[in-house]
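Each chain gets a letter, A, B and so on, in the order its sequence line appears, and its residues count up from 1.
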Protein chains: 2
Amino acid sequence: MMNFKQFKKKYQLKDSELFAEFYDLFEETIDIKNRNIAVDKLAIIINATFKLSASQSFSNMSLRQLSDETQISMGGLYAYIKNKQQLSLYIHQFLNHFAENIMIQVDISDDYQTLENTIKSHIYLSEIMQPWFFFAFMESKNLNKEQKKYAIQSELMMENKIMQAISKGQELKIYSNTLSPKTMATHIKPLLHDWYLKRWKYKQRKINIEEFCFSVMAFLNHGISLPHTLNE
Amino acid sequence: MMNFKQFKKKYQLKDSELFAEFYDLFEETIDIKNRNIAVDKLAIIINATFKLSASQSFSNMSLRQLSDETQISMGGLYAYIKNKQQLSLYIHQFLNHFAENIMIQVDISDDYQTLENTIKSHIYLSEIMQPWFFFAFMESKNLNKEQKKYAIQSELMMENKIMQAISKGQELKIYSNTLSPKTMATHIKPLLHDWYLKRWKYKQRKINIEEFCFSVMAFLNHGISLPHTLNE
DNA sequence: GTCAATATCGAACGAACGTTCGATATTTAT
DNA sequence: ATAAATATCGAACGTTCGTTCGATATTGAC
């Protein structure tokens, strides 16, 4: 399993690359024909959406604010998005697309390492795509059922991967079977969310991502109990 | 430490009692003079607010919807609330008031039990006040700094109680000191949130509140590792 | 340099919002 | 029974919202 530095080098794209993928994914619903122009402006629009949605909520962000922030007129915006709701859906869907592509590459060859690999990959991924994860988490509750189906696929995939890793581990007597894999996965998920939901808190406390991973794994392995009880 | 049945009997109030407390707390800012009328209508208004805010968000709930749901006219509503923002603040502040009163009673006489008592009390409390907790969690991000100060006092008190219990436990070598009390508290909090944020999920899986408490404590004590390693 | 294609603009529209307020209904006190 | 106090009503006001669209500016092809 690579560390964050290696992960970042392999997967983190520049805006010009990231939003080129974005444009290609939604090309047929975007009015702008010129790929270079579209990629630049999409980066501006989506990043402004993140900024404005973070300080209020997406539904409280008005398209006039977005127009001000991006320096693109109201009519201009509508060349890039079909409507406001679609803008939110684009973000969910692209994150889903991007995340699935990465999580599918997690190394599951070693049963003793699968869970840690999965968890670290998720944390690393949520770091390089922090605004996306933050947005998706905050706004997912405002999606209707049909939209949710398309938006949180990777979220479910993630949960499944954790469950399977635990399930296999329980079979091999690596992990406790006091709790079901589903219950354990349920308890683990919010630990991971904390990294991208409360990033400022960890920055302020000067806890870097590797320390955070260690912390999560330590808690996950022993809870609050004293570790290595056998050796004492 | 009592179980949930005992807790419920001791602390769960009927609407007529709960909103009487509510009315008394905010009496001077409510136009209605008749206490009985006010208590009845406040129960209707607040409960309708919970219902409408759950299916959308509070800021997406319009006062016209609230008027429809409560069968109280627009003008009528404004006899009970100063404005829409105040309604949200009332809910935060009352929950704060109510929660603090209960959490202050948690038994901390036995260092080996303090953490479990605190956690169970919080879970029990969040059960009998579920809509309040759900609302407060979802809407707290929309409060400005000044409002937050008044609204999340009990939340911080809760976190402090957990930290202190762990800190004391570390001193007494009950708990591992691999992680700081603050970090552990940070990891524990979302475990507790899950109960009131995803209640339908636990209902569906037929996990009752005592089972949930056991599950949280089990995870918290051993993580995913095999328990009782010494005895094997 | 011209013309067609593309990109951008911002005023305008109807709908929905929070809030107000004078009119009306109901309750309470005498 | 009457008057004063209290509670309720809903139309109306000014704003802001998402969205549209004809006009204008910019770009690319020949």
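- For the pair A/Tyr80 and C/dT8, the criterion of a side-chain N or O lying under 4.0 Å from OP1 or OP2 is met.
- Put simply, the side chain of B/Glu211 does not reach to within 4.5 Å of the side chain of B/Arg205, judged on heavy atoms.
- We find that OH of A/Tyr78 is positioned 17 Å from P of C/dA11, with the value rounded to whole Å.
- You'll find the ring centres of B/Phe26 and B/Phe22 inside the 6.0 Å limit.
- Separating the CD1 atom of A/Ile72 from the P atom of D/dG18 is a distance of 16 Å, rounded to the nearest angstrom.
- Closest to the side chain of B/Leu63, out of C/dG18, C/dG10, D/dT8, is C/dG18.
- Closest contact between the side chain of A/Ser73 and the listed nucleotides D/dT8, C/dT20, C/dG10 involves C/dG10.
- Taking atom CG of A/Asp31 as the reference point, atom C1' of D/dT20 lies 13 Å away to the nearest angstrom.
- Listed pair B/Ser62 / C/dA16 fails the phosphate criterion, with no side-chain N or O lying under 4.0 Å from OP1 or OP2.
- Between A/Arg199 and A/Glu127 there is a salt bridge, since at least one side-chain N of the basic residue sits less than 4.0 Å from a carboxylate O of the acidic one.
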Walk me through whether B/Leu191 and B/Ile119 qualify under side-chain contact (heavy atoms from CB on, under 4.5 Å).
CA-CA 10 Å; B/Leu191 298 182; B/Ile119 285 172; over 6 Å; no
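- The side chain of B/Lys84 contributes an N or O atom lying less than 4.0 Å from OP1 or OP2 of C/dG18.
- The side chain of A/Ile32 lies closest to C/dA7, out of C/dA7, D/dT19, D/dC9.
- Comparing A/Gly75 and A/Asn60 by the nucleotide of DNA chain D whose heavy atom lies nearest to each, the residue mapping closer to the 5' end is A/Asn60.
- Where A/Gly76 and A/Met61 meet DNA chain D, the nucleotide closest to each residue was compared, and A/Met61 sits on the side nearer the 5' end.
- Checked against a 6.0 Å centroid threshold, the rings of B/Phe4 and B/Tyr124 count as neighbours.
- Each of D/dG10, C/dA7, D/dC17 was ranked by its minimum atom distance to the side chain of A/Arg64; first place goes to D/dC17.
- Atom P of nucleotide C/dC17 and atom CD of B/Gln56 are separated by 9 Å, given to the nearest angstrom.
- Distance A/Met74 CE to D/dG18 P: 7 Å, rounded to the nearest Å.
- OP1 or OP2 of D/dT8 lies within a sub-4.0 Å distance of a side-chain N or O belonging to B/Lys41.
- One can place CG of B/Leu66 at 18 Å from P of C/dA16, the figure rounded to the nearest angstrom.
- Note: CG (B/Asp40) to C1' (D/dA7) measures 14 Å, nearest angstrom.
- As a whole-Å value, the separation of A/Lys33 NZ from D/dT26 C1' is 17 Å.
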